[in-house]
Each structure stands twice: as C-alpha cells, then as structure tokens.
Number of protein chains: 2
Amino acid sequence: MQGYDKYAFEPFAVTVDLAVFTVRAGRLHVLLVERGQEPYAGQWALPGGFVLPDESAETAAGRELAEETGLADSTGSAGLHLEQLRTYSEPDRDPRMRVVSVAFAALVPDPPAVHAGSDAARAEWLPYGTPGPLAFDHDRILADAHDRVCAKFEYTGLATAFCPPEFTLGELRQVYETVWAAELDPANFRRKVLGTTGFVEAIPGAARLTGGRGKPAALYRAGPATSLHPPLLRPTTVSPEGKPS
Amino acid sequence: MQGYDKYAFEPFAVTVDLAVFTVRAGRLHVLLVERGQEPYAGQWALPGGFVLPDESAETAAGRELAEETGLADSTGSAGLHLEQLRTYSEPDRDPRMRVVSVAFAALVPDPPAVHAGSDAARAEWLPYGTPGPLAFDHDRILADAHDRVCAKFEYTGLATAFCPPEFTLGELRQVYETVWAAELDPANFRRKVLGTTGFVEAIPGAARLTGGRGKPAALYRAGPATSLHPPLLRPTTVSPEGKPS
DNA sequence: TCAAAAGTGTTACTGATACACCCATGG
DNA sequence: CCATGGGTGTATCAGTAACACTTTTGA
C-alpha cells in the first residue's frame, strides 16, 4: 500500500456473482439466467452485475438479489441470507476484459416467483446439478457455494433461511436432507434441534397438518442463535481425507 | 453479467492485503509495515500492493509475501500457507480513490528475517494486538484473519505451518496454546494428534532435547491430512452465542 | 535428588446412534 | 383399521476431560 500512483494500476471491472439457492419440492434449486449474447450465448450463468461507483460488493449483491428475485435485501432479517463467498480474479476468466468478481451465496425460502430482472434475459430456478456447463467459471463458483452451504449447515442455524417464517421440524429436517442428500433420523434430529438453545422457538398453540397423513406437527420460528453448539453433523458424508474449506 | 459496456463501469483499483502470522517466543506475531506517506503516515499497516494486469489475486499475494518475507510462494509446499480471506470493498475505505482489496491470511514458520521489501518503508514482526489502530480498515481485516486462523486450527492440520519441518508434539501444542491463548492437556493433546491419521508422521529414530530440562521428545513431520476427523476443539473459548464465521 | 517435560493408563461423563414404541390423523 | 408422520424413551457406543502415574533428562 505504499507509493500509490494513480496511473500505476490497470483498470479492473469489479462485478458480483450470486449463487442463489432455494429448496423446492424436495430438491435443491439454483437461480440461473440464460445469456443472450457472446461469449457463452445461450448458456446458463449465475446472476450478477457490476459494482456501482458508490456501492460495496455487499450492497451490489443485495441489489442484484432484489432485482432478480423481488426479495428485499436485509442480510439479517427474517429468512434470507446473503454471504460473501470469495473473489475470483484469474486474468482470463472473462475473454473480453479484466473482470474481478466477488461471489456471494444466498439462501431464500421457497416460492419467490422469478421476477424477470431489469437486465436479465431469462431467469429460472433449475435443480442443482442439472444444467450443463455454465458460462465463465460459474461451475466452480457454484460448486464452492454449495460446499460452503453444506458445511455451514453443520454449525449454524442457516437452514431456517430456506423455510417459511413458520415451519415444522419435519420441514426443517427435509431441508437438511435435501441439501446434504442424506437421510436423518427424525427422532434424533428433533432432539438435537430442540436441545440447542436459540436454534428454533416454539409457537405456543399452533399446529399444522402435514399434507394429509400423519399427526399434526407443532410449529416453530427461527431462533436467534447463529452458531450451533454442539454442531449438527451430517452422517457418513465425512471423508477422512476431505478438503477443509 | 448481461449487457457489458466497456464504459459503463467505474475503474477500480484492485489490491491485495496480507495478514502474515508467525509464532515467535511463545507469542503470536504479525508482519506490519510502517506507512511513509499520507494518508495514515507513520501508522502501521498490513503489507500488500496492487494486483498486476496479468496476475490473479492469489498470484499477487504470493508475490507480495515473497517480497516482504523472502519466502517462496508455494500455496501447498513445505510449511507455508496462503489463503484468501474475503474482499473488502466499502467505497470510502481509501480516501484517495476507489480501491477494492482482496485480503489473504498467511502462516509462516518462525524465523524469516524481515527482508526489507522493494517498496516497504519498514517492515517488522509485532506481537498480535500490540500496535495501536492500523491504517485504513486493516484492524478489521487483521481481526477477521485471526478469527479464521483460530477456527481452522480446530478442523485442519494448519498448525504445522507455524512449525519448522521437524518438530516435537510439545512444540506443536505450544503453537495451539499460543494461537488459542488457552492451555491444553499434554496427554490428551498427544492422543488426539497421534490418533488422527495423516496429521503428523513420526521420524523413526530421531529425538530432540527440549531445551535442557525434561525427557527428549520424538520428532514428527507434517502429515498429508488437510482436515481433521474428529476435530481438535479448543477448551472453553466456545461461546453458546458466538458468531458463525 | 529434584524439577521439568515426555509419554502411558484409567475413569467418568457427554453426546451420538440406533431402534422400539406410542399418538393422532386421513383414507 | 391401516398407513403415515409426529413425538418419546432407552440402551449402546465413541470420543473427551481430568488426573494419576512412570520415564528420562539437566541442574
């Protein structure tokens, strides 16, 4: 940071790219946009855009998320999560010019109708893993985002960001099962969640029929806890030689 | 990422900032440089510099680290760790111009003599937490880096990056105790480390006197494991309401 | 012979897993 | 009355914490 020279640096474009996840019909979905022009015309890409002169990357990401989904920003408010992932800066990641992209992961509850964004050609929720190769280095960004979300499910209450304001423990469990692609014991899951203070809060008298069959389930709200002690570990997915981050 | 217009974006300067840690004499130290000019002239700052036109942020960080410490780059080679932290992009973080900085955390073994860098006014290892407020938002970057390193010590074999190529378990334990600012039971520490396959590898016949007193200790090398199962948890530092990341 | 640090053993406790079992509802 | 999912109880097991104990060195 010594010796600033206004002309010593190459001008970079700085963008944000968003990996926006939701759980719909028991499957993990990602919000993607179809590119209308070269390069990668016709291919799917992550939504994103330029960081404006008076914005931080976080502000730009919140704005883009709102434009694409119609959801309010709010990095902390009711069910909605936006988190910086990392920055991708390989010199050749965009063939046209030097673009440094700050990637974000976002988690939203199910049914935000795809609100055709201001500049988006076509935006759609697609099941995670289904579309072929994405544009640019977006396959890698998406994979990194997925890893991060999976990992954070273990030691944070992040899963509630995928749920509506009021949810049953069965619904919360299905979110975990969907994201982790694993089966969890309902009894033990219940105990762990309820045994962690601040993870969820019971809604006194309420109960919800769970789609016909079965006993009506009690309703819960997301609690104030951000980190879970002890963590909620996923079953056998843990490899003794897995990568750390 | 739709509608690129070469002139629609504000030119940003992109820099890297490095939080370089080492453990020396039982204390955690950080490499800092003294600023020679305004703003923040005379204050300490994190080392860093511009990302050059043909570099990724990772390459630039490795180059800066080598310039400041004289150590080779090598994100994976023997004892030396360089990892992207996150990106800081508040519009007013540098009063002169728009600068987006990609921050990195680096861990190096003890005695790299401070190699006065090409542009560094004065670089010094200072105990973590001692210097007053740093320039720019570097206090926050340094705190974020420290949090990250502490957390990664729990579930990765990262601590060996602070050790020389051959080390005793007592030395490795002191690294943990220094970084966590906590005391660990030598017996249990030993069992956990040796019980985790791939964390450390015994060097057959070797032993080292541990500075006079005590039984000579067996020597070990860093093993190939990057993630630890089960994790090595720090004692009572865990707060039930701590922040996640 | 004493202090210090390495290294071994043992016990008590906590949390996870697995599974059996009861409850309430719709078909 | 049966299938389905909510909810409770409980035995077993693995991993941790705490601490007693032996070994080997320098002073």
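Naming: A, B, ... by sequence-line order, numbering from 1 per chain. As a basis for the values below, the full set of heavy atoms in this structure was taken, side chains included, without hydrogen atoms, waters or symmetry mates.
Taking the ring axis of B/Y88 as reference, the NZ or CZ atom of B/R86 stays within 45° of it and closer than 6.0 Å to the ring centre.
In this pair, A/Y176 and A/W180 present their aromatic rings perpendicular. The plane angle is above 60°, beyond the 30 to 60° band.
C/dA16 atom C1' lies 14 Å from atom CD of A/E154, rounded to whole Å. B/L184 has its CG atom 16 Å from the C1' atom of C/dA6, to the nearest Å. Counting to the nearest Å, the P atom of D/dT16 and the CZ atom of B/R234 are 16 Å from each other. Between the P atom of C/dA16 and the NE2 atom of B/H229 lies a distance of 16 Å, rounded to the nearest Å. Note: CG (B/L194) to P (C/dG7) measures 9 Å, nearest angstrom. Atom CD of A/Q174 and atom P of D/dT4 are 15 Å apart (whole Å). Atom pair B/D185:CG and C/dA5:C1' shows a separation of 13 Å (rounding to whole Å applied). Distance, B/F189 CZ to C/dA5 P: 16 Å, rounded to whole Å.
Ranking D/dC19, D/dT16, D/dT25 by closeness to the B/P216 side chain, first place goes to D/dT25.
Using a 3.5 Å distance cut-off with no hydrogens or angles, the side chains of B/E34 and B/Q43 do not pair a donor with an acceptor.
Between A/I141 and A/D17 the shortest side-chain heavy-atom distance falls below 4.5 Å.
At a cut-off of 3.5 angstrom, counting only N and O atoms as typed in the model, there is no donor on one side facing an acceptor on the other between the side-chain of A/R173 and the base of D/dG5. With hydrogens and angles ignored, no donor-acceptor pair closer than 3.5 Å exists between the side chain of B/R213 and the base of D/dT23. Not a single donor-acceptor contact under 3.5 angstrom links the side-chain atoms of A/R191 to the base of D/dG7.
A search for side chain to side chain contact (heavy atoms under 4.5 Å, CB included) contacts involving A/A19 returns A/F21, A/L142, A/A145, not counting sequence neighbours.
For A/A187 and A/P231, each mapped to the nucleotide of DNA chain C holding its nearest heavy atom, the one lying further toward the 5' end belongs to A/P231. Of the two residues contacting DNA chain C, namely A/P230 and B/K215, the nearest-nucleotide position lying further toward the 5' end is that of B/K215.
In this structure, A/A218 reaches the sugar-phosphate backbone alone: every heavy-atom distance under 4.0 Å involves primed, P, OP1 or OP2 atoms, never a base.
The phosphate of C/dT17 (OP1 or OP2) has a side-chain N or O of A/K192 nearer than 4.0 angstrom. Contact annotation: A/R190 reaches the phosphate of D/dT8 (side-chain N/O to OP1 or OP2, under 4.0 Å).
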